[in-house]
Amino acid sequence: MSFPYTYISCPCTDVSTPINGSTEQNDDEEQERTFDPRSPRANFSLYTLEHLLYCEDCQQIRCPRCTLEEIVTWYCPNCLFEMPSSMVKSEAGRCTRNCFNCPICIGPLAVTSVHPDPVQRSLLGPWILSCGYCNWTSLEIGWQFKGLQDMRSEMGKLKIGGQYKAANSKTSASTPPTESTPDDDPDSVFTALRSFYNSQLSSSNATDPLLTPSGGINYSSPSSLARIMSLYTGRSSYGKKDPAKSTPMRESVDPSEGLQIFDPASDTAAIEKLRTQGWTSTASTAQQTEQKHPPRFTSDLRPTQAQLRTKRSKRCRTCRHILVKPEAKVQSTRFRIRLVALNYIPTITLKPLQPSPSTQLPLLDLNALPVLRASQFLLTLKNPLFDPVKITLGTPAHAPGKNSHKVTILCPQFDIGPNADQWDEALGDNKNRRASKLLSTSKVEYVGGERGKVAEAGKVWEKGRNWTTVVVEVVCQDVGEDGEGEDVLEIPVFLRMEWEGDTMEREEGGSGSGGGGGLKGEERKEKRELAFWVVVGVGKVGRLEGPTLAASP
Amino acid sequence: MATVAGYFDRKPSSSVRPGIAHLQPDPTSPHTPQQRTVSSAFSSPSISYRAEEEALIFEIGTRHLSAGFTGESYPRCKLGFGPEESGRVGDYRRWLPEYDERPRRKQPVETWGNDYELWQMDMRGSDLGIIEDKIERAVREAFTKYLLLDPKPRRLTVILPSIMPHQLLSTVLNTLFNNFQPPNINLLSPPILSTVAAGCRSGLVVDIGWRETIITSVYDYREVHQFRTTRAMRMLTLEMAKLLERYDKGTRKEESMATAENPSVVQTTEDASPTSLNVSLDQAEEVTIRMAWCNSRTNASGTSTPENTSDKRGLEPINEEQPNGTISATHSTQDPLVSLPSPSSPRHSISIPFSQLAQPVEAALLATSKRRHELDDHEQPLHTLIYKSLLSLPPDVRSVCMSRIIFTGGGSNIPGLKARLLSDVSAMVQERGWDVVEGKAADERRRRLKEISSNRRQATSTTGEVLKEPSAGKLGSSMPQDTNFIDEKLQREHEKESKPTVSGIIRSVETLGAWAGGSLLANLRIKGVVEIEKDSFLQHGLAGARKEVETNIAQQKGYGAGMARGMAAERGWTLGAWA
């Protein structure tokens with residue numbers, strides 16, 4: 001991410017405590033405590049504005065941690081077909097159509113025919129999968145498909161190299177252990193083990209530790225049970241089947257039951273392959289994680305079925321109101337409900353205020369901020385609400401971290417105008433200065449650039465229709481050579497906004513509203529407030545250029 | 001059992017049930033658990049089963065969270081806890097092209113890679129809040145991205161190491177209960193699950209994990225004994241990082257000097273143990289996973305230490321004077337140069353002789369360069385520890401366990417390691433037998449005893465031999481035993497119903513891993529001893545667990561630490577092996 005950037009800390013620092021009950025306390029504590037963007041926990045509560053939602057009932061920011069998600073639709077990102085929820089689990093969350101991903105570069109694979117006659121290629125197989133990005137084809141692992149219809153199940157039967165697996169585990173079980181080698185397929189080992197345990201469980205009896213709870217869970221002392229039975233039935237068969245003397249479940253003894261004896265030969269082969277083919281023949285960890293059973297070599301990678309994605313609706317964890325609800329149709333990108341924070345809390349942007357050309361100081365470079373010299377930045381807040389908002393900014397005098405950079409917001413209290421109709425401004429009284437009032441983040445601004453304006457304490461730098469810009473002054477300390485992360489200047493800013501909003505029609509719900517309670521069902525203004533920490537990433541602190549550098553004028 | 005149930009159903013219960021209560025032995029006796037809620041036995045069990053079908057299995061370790069459904073042979077996802085995963089949401093810096101070349105901080109060796117771990121067992125100075133955050137984020141990602149589930153309350157089976165601080169356990173459970181609302185959580189312990197996933201009842205589980213290698217002897221699904229050593233994947237990856245750093249520096253220096261010399265020349269000038277490293281953990285780990293290998297026993301004693309003539313690796317130390325120059329010069333076909341991407345810049349590559357990539361394994365896991373007396377108890381090399389743990393077992397358990405050595409954990413994927421460990425262990429057995437006493441005096445004494453016994457044998461052709469021959473095959477059977485009719489009967493029963501079990505030879509059995517074992521067990525509807533209900537946990541926390549008595553009963557009943565059927569819920573819950 002390039003500088004500058006802004007992150008917002010969701011007030012739900014601890015979801016484990018119910019947000020509803022302890023808001024007041026938390027607010028008090030938070031105001032006393034400075035938010036430290038460097039602490040490792042901060043990473044888990046900081047979000048960009050685009051990732052945040054806003055609950056109107058609780059009047060609070062909602063982050064992914066304090067929302068509950070519900071899946072609306074499952075769909076394949078490749079073919080955009082919807083998958084019914086009943087099939088999602090049985091298909092392991094993968095697309096059932098011919099959507100496959102390349103095992104090498106995870107690009108989507110295309111199905112192409114390799115029929116010898118080019119005319120019939122569009123109609124007849126055999127078919128292969130090929131990657132348009134890295135030119136991998138399934139021929140590299142010897143895979144060709146007979147039909148287009150059931151490629152997925154055919155793929156399940158194929159081994160690397162193109163042979164089909166032994167037809168059935170049951171038939172191979174009856175025959176003496178052959179060269180079928182189930183060990184290259186953990187799935188078949190797993191099924192063998194499971195069927196083995198199932199058979200053992202059904203044949204064994206109550207003493208068995210691996211007993212299904214259906215029998216004897218309340219009569220789990222076998223000797224007492226045997227005595228009862230002999231008392232009441234008098235049948236001798238129970239005495240014979242005395243559970244105390246019967247053998248426990250045995251262990252599996254051959255490969256058909258899932259036992260695999262370690263064979264050093266495979267390891268030696270692997271080492272030889274490593275020796276001869278080197279680094280490029282091995283699958284990277286990223287490639288391995290895509291596979292069901294991570295293989296060592298790239299030659300053993302299989303194409304993967306496309307992982308399904310979901311459309312999810314989100315609810316507030318506190319009041320359970322829906323915050324986001326997308327349309328169920330896969331192709332549609334619309335939302336039925338979408339309460340994103342972007343529409344409720346001000347957008348915060350920062351840009352450098354370049355020193356006046358007359359001072360002949362170098363321009364501010366965000367990747368190398370000047371050390372031991374005041375540099376000024378323009379902090380702009382843009383109001384998305386239709387009501388005017390009163391903003392109070394607070395920042396610790398020294399940015400947290402071991403290099404305490406001095407930070408001053410020259411005008412910590414100001415108002416932002418409402419996000420009313422643009423025409424209001426255009427037709428308003430000051431239409432001659434309209435152009436300068438439009439917010440432009442790309443324009444370079446200088447001290448004293450227009451009409452000799454200089455940053456002054458307590459004064460707003462510039463103000464527009466629904467935005468206000470104030471000046472932040474930073475004096476960086478020398479950070480030395482510390483490597484990753486240490487030289488980044490991030491300013492925590494506590495933002496408190498107050499506005500008079502319309503009360504909702506229904507009864508005031510949730511918590512977090514600071515203002516007085518409104519009367520039910522009546523249209524009236526209500527005072528509201530919202531407060532949260534913002535972290536502004538300014539830039540990287542540069543190196544001290546030497547003793548010749550003059551102090552700031 | 002159906003007949004029994006049917007029998008009681010037909011009978012008027014009034015006369016039967018007092019009878020049962022009458023016949024119960026003393027409740028404190030090991031045979032009889034006290035729960036007798038008869039009424040629930042005949043309620044339709046299918047409802048609870050259907051709920052169980054939905055159960056999820058989470059395996060939480062130091063580095064990864066694996067999550068998936070019961071009855072599947074592989075987890076749906078395996079998520080890390082590294083710095084990439086614990087960054088800020090919306091921070092897309094790592095997709096930028098220059099991300100690989102960003103300046104990295106030198107990390108001191110002691111804390112190298114600590115930020116990749118979810119927890120440290122040393123709890124001093126660790127913030128439980130971060131652990132909570134990390135687990136919460138990983139589980140949420142697993143749900144939304146891989147399991148594709150609604151956060152509907154589901155049963156959870158959580159596979160956790162059984163020895164962990166209560167604070168950590170409490171944090172893990174708290175996070176899961178609070179954020180994902182499972183009605184209850186089953187705890188299972190990894191070694192037993194590995195045994196189950198290997199198809200065995202007993203075995204010696206060697207879990208080469210991240211921080212520690214844990215060697216657990218499991219007998220009849222019970223953890224009998226546990227040894228641990230810090231020689232595990234972290235140490236191995238660290239050694240690999242040092243190796244990479246040496247060669248990286250070597251090639252860079254070479255470039256600057258513009259000489260085309262062998263990198264090993266430069267390498268010799270580097271200090272062997274740097275205090276901080278530039279190479280990051282993911283780089284070193286990538287190389288370890290892809291390229292690390294282990295010499296076989298004959299190769300290790302043959303090539304890497306040609307000047308060391310002694311074969312007795314178990315007893316004699318081996319000097320680590322690696323003849324690098326000679327190897328890369330002479331056996332270029334045997335020992336080709338492997339070119340790896342350079343850790344300092346992805347555009348360059350470094351060349352390392354193939355044999356060097358086996359060195360970290362030797363140094364970290366097998367400690368071939370260290371003398372035995374230099375090693376502390378917590379850093380015993382793996383083969384010694386396997387031998388030790390076998391030695392500590394009673395002979396019958398030992399004979400079963402030694403032919404079911406189960407390697408699992410990340411380190412078990414290193415090609416050649418298992419074979420090496422097995423051959424090292426059997427060499428130690430060959431050499432020393434199963435004798436706890438060792439050393440020169442012991443050898444002398446043994447020699448003298450042998451003399452005496454051979455004398456005696458010559459004289460009288462004796463009845464009972466005093467000395468055990470130190471051979472693996474005769475293990476446990478050398479002691480003459482009184483025959484006893486119960487034993488005979490048991491033996492007969494045993495032979496009738498079961499196939500002969502392999503014992504007494506050193507053999508390794510492959511396992512599908514703890515996660516698959518958990519999936520198997522949950523699929524067979526077997527619960528662990530430790531089943532924690534949400535409400536009672538949220539009320540009392542870990543303090544709500546009952547302490548000792550019931551656990552003991554459960555274990556005496558023969559259910560084993562991880563395998564007992566759940567105790568009745570209304571009677572509270574126990575922490576079992578996690579207590």
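As the structure is a prediction and not an experimental result, all values here were calculated from the model. Order of the sequence lines sets the chain letters (A, B, ...), proteins ahead of strands, with each chain counted from 1.
With a threshold of 4.5 angstrom between heavy atoms, A/S284 approaches chain B through its backbone and through its side chain. Looking at A/T285, the atoms closer than 4.5 Å to chain B (heavy atoms on both sides) sit in the backbone and in the side chain alike. B/D127 touches chain A through its side chain: at least one heavy atom from C-beta onward sits under 4.5 Å away, while N, CA, C and O do not. Using a 4.5 Å cut-off between heavy atoms, B/L512 contacts chain A through its side chain alone, with no backbone atom that close. The parts of A/R194 that come within reach of chain B are both its backbone and its side chain, each placing non-hydrogen atoms under 4.5 angstrom from that chain. Only the backbone of B/A198 comes within less than 4.5 Å of a heavy atom of chain A; no side-chain atom from C-beta onward does. When heavy atoms are compared at a cutoff of 4.5 Å, A/P64 approaches chain B by way of both its backbone and its side chain. Neither the backbone nor the side chain of B/L147 comes within less than 4.5 Å of any heavy atom of chain A. Contacts of B/T144 with chain A are made by both backbone and side-chain atoms, with heavy-atom separations under 4.5 Å. Residue contact with chain A, scored on non-hydrogen atoms closer than 4.5 Å, involves the side chain of B/R137 exclusively. With a 4.5 angstrom heavy-atom cutoff, B/K418 touches chain A via backbone and side-chain atoms both. Using a 4.5 Å cut-off between heavy atoms, B/E72 contacts chain A through both its backbone and its side chain. Neither the backbone nor the side chain of A/A269 comes within contact range of chain B; no heavy atom of the residue lies under 4.5 Å from a heavy atom of that chain. Using a 4.5 Å cut-off between heavy atoms, B/Y146 contacts chain A through both its backbone and its side chain. Within the 4.5 angstrom heavy-atom criterion, only backbone atoms of B/C294 (N, CA, C, O) approach chain A.
No hydrogens or angles considered: a donor-acceptor pair under 3.5 Å links the side chains of A/T310 and A/R312. When only modelled atom types and interatomic distance are considered, B/S86 and A/N43 share no side-chain donor-acceptor pair under 3.5 Å. For A/E290 and A/T304, the side-chain atoms include no donor-acceptor pair closer than 3.5 Å. A side-chain donor-acceptor contact under 3.5 Å links A/E490 and A/Y5.
Geometrically, A/K540 does not engage A/F3 in a cation-pi contact defined by less than 6.0 Å to the ring centre and at most 45° from the axis.
Note on A/L259, A/I271, A/L308: by heavy-atom pairs under 4.5 Å with chain B, the leading option is A/I271. Taking B/M291, B/K78, B/R507, B/K134 one by one and counting their heavy-atom pairs under 4.5 Å with chain A, the maximum is reached by B/M291. The candidate with the highest count of non-hydrogen atom pairs below 4.5 Å against chain A, out of B/V509, B/V338, B/L357, is B/V509. When each of A/A286, A/A270, A/P294, A/A283 is checked for heavy-atom pairs under 4.5 Å with chain B, A/A283 comes out on top. Note on A/K292, A/H51, A/Q288: by heavy-atom pairs under 4.5 Å with chain B, the leading option is A/K292. The residue among A/D267, A/T289, A/N198 with the most heavy atom pairs within less than 4.5 Å of chain B is A/D267.
Looking at A/R275 and A/E272, a side-chain N of the basic residue comes within less than 4.0 Å of a carboxylate O on the acidic one, giving a salt bridge. Classification of A/R65 and B/E136 as a salt-bridged pair holds, one side-chain N sitting under 4.0 Å from a carboxylate O.
Atom NZ of A/K273 is surrounded by more than 12 heavy atoms from other residues, nucleotides or ligands within 6.0 Å.
At a threshold of 4.5 Å between non-hydrogen side-chain atoms, the residues B/R88 and A/Y47 do not count as touching.
Summarising the geometry, atom CZ belonging to B/F143 is positioned 12.5 Å from atom CZ belonging to B/R76; distances are rounded to the nearest 0.5 Å. To the nearest 0.5 Å, the span separating CG on B/L417 from OG on B/S296 amounts to 12.0 Å. Here CG of A/L68 is found 8.0 Å from CZ of A/R315. Values are rounded to the nearest 0.5 Å.
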